[in-house]
Amino acid sequence: MGQPVASWLAGYDPKDLTIATAVSHSSLQIFHGAKLEGFKTLAIAAGDRDVRYYDAFPKAKPDRILKLNRYHDLLGMAEELREENVILIPHGSLVEYLGPDNYVNIGLPIYGNRNVLHWESDRDAQRTWLEAAGIRMPRKISDPQDINEPAIVKYHGAKGGRGFFIAKSYRDFKRHIQEGEPYTIQEFVLGTRYYLHYFHSPLVKEGYQVELKDAAGKVVATSTLQMLSIDRRDESNIDEMNRLGSLKDMDEIGIPPTFVVTGNIPMVIRESLLPEVFRMGEQVVKEAHKLFGGLWGPFCLETVVTDKLEFRVFEISARIVAGTNPFVGGSPYSEMIAPGLSTGRRIAQEIKLAAQTGQLAKILT
Ligand code: ATP
């Protein structure tokens, strides 16, 4: 926290920036977008990670691949990388590989607000933020004995839905729970899942405008909000369970449902839901401004839409999500903003605009 970003940036050449991220997740998309906007690119790979797949995608292949023993080694190389005017683009895997403390303390300019991590990684803090923003979340069930309708049990620190389970009663809960593992329980919301990919810019003033206020309610800045694309995740094995029968059948033969993300499917939603999509995004960025100095760049609201056409948001991701990957060449929404606009490219455009107008310190932390 409190990194001397302004002094690092004083030594940067804004015409010769390098966009860097860790291999995997959405790195192809990030590099593809950065190259289209004329940036140098650097991939960071640790251990024995196989990076040959980049050879298969020449338009996204990074200019250089930095091979490390451990991602942790990046911390000791910050000064050297600052010589190359490196800007780090965070994605979920990068944060996971580095670990939250290393990530927050890394000595490189990061695109976005690095302090959002605290609000995002703790499910209770996330709920405080989203509910203060007027977002409806699945009901939290504090006592497992109160489970009397389908509930989803989420272990803390479980990644990508691994180990989650559905319980329809306290008995069910007792049968599945792993003792000693901290967890939270939420109402299981039945409906269709949509993962909404937003982009919030403090630099651009045209488009869907947002007024950011301070705690006293005074407008202190205006910004713009975009919604670039929507996906739905393909989750194994829950999404294919019906091939073998019902959830109950599976339970009887001892195969529990799992929620492990294996891919992403492009989606569009009913146009009549778009006002609510924008209202939710707007409220989230306004509240972030009040609570912790703002959320800008890409973020994603992970939602379920019920048959009453109401959204429930079960999670926020405060950076690029892998669900944007189907849209390297643009989405049905981003096409109405600019041709071929992916989230990766939008990030590069924002950094380019900031570099050209002397505003890098506004978007890097
Ligand atoms: P990631 O970090 O990859 O986003 P995670 O481990 O934080 O995943 P969640 O995103 O909270 O897990 O949930 C994983 C999946 O479980 C969701 O994609 C969704 O399919 C399902 N899910 C989560 N919460 C609910 C809910 N309240 N009702 C119905 N389904 C849910």
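All values below come from the heavy atoms of this structure, side chains included, with hydrogens, waters and symmetry mates left out. Counting starts at 1 for both ligands and their atoms, in listed order.
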Pairing of [X] and [Y] as salt bridge, 4.0 angstrom limit:
X: E211; Y: K286; answer: no
X: R127; Y: D124; answer: no
X: K290; Y: E287; answer: yes
X: D146; Y: R139; answer: no

Within the 4.0 Å heavy-atom shell around [X], which atoms of ligand 1 are there?
X: V189; result: 26 (C), 28 (N), 29 (C)
X: P138; result: 27 (N)
X: F188; result: 28 (N), 29 (C), 30 (N)
X: F164; result: 6 (O), 9 (P), 12 (O), 13 (O), 14 (C)
X: E302; result: 4 (O), 10 (O)
X: Y195; result: 17 (C), 18 (O), 19 (C), 20 (O)

How are the rings of F314 and Y195 set relative to one another: parallel (under 30°), tilted (30 to 60°) or perpendicular (over 60°)? perpendicular

Classify the ring geometry between H91 and H25 as parallel (under 30°), tilted (30 to 60°) or perpendicular (over 60°). parallel

Mind checking whether [X] has a heavy atom under 4.0 Å from ligand 1?
X: R123; value: yes
X: V261; value: no
X: E187; value: yes

Between S317 and ligand 1, is there a nitrogen or oxygen pair with a distance under 3.5 Å? no

The complete set of salt bridge (Lys or Arg N to Asp or Glu O under 4.0 Å) pairs with one or both residues in residues 243-264, sequence neighbours excluded, reads R175-D251, E240-R243, K248-E252

Can you name the closest pair of heavy atoms from S24 and Y53 and give their distance? N-OH, 3.2 Å

Option nearest atom 23 (C) of ligand 1 (shortest heavy-atom distance, choices K154, E96, E315): K154

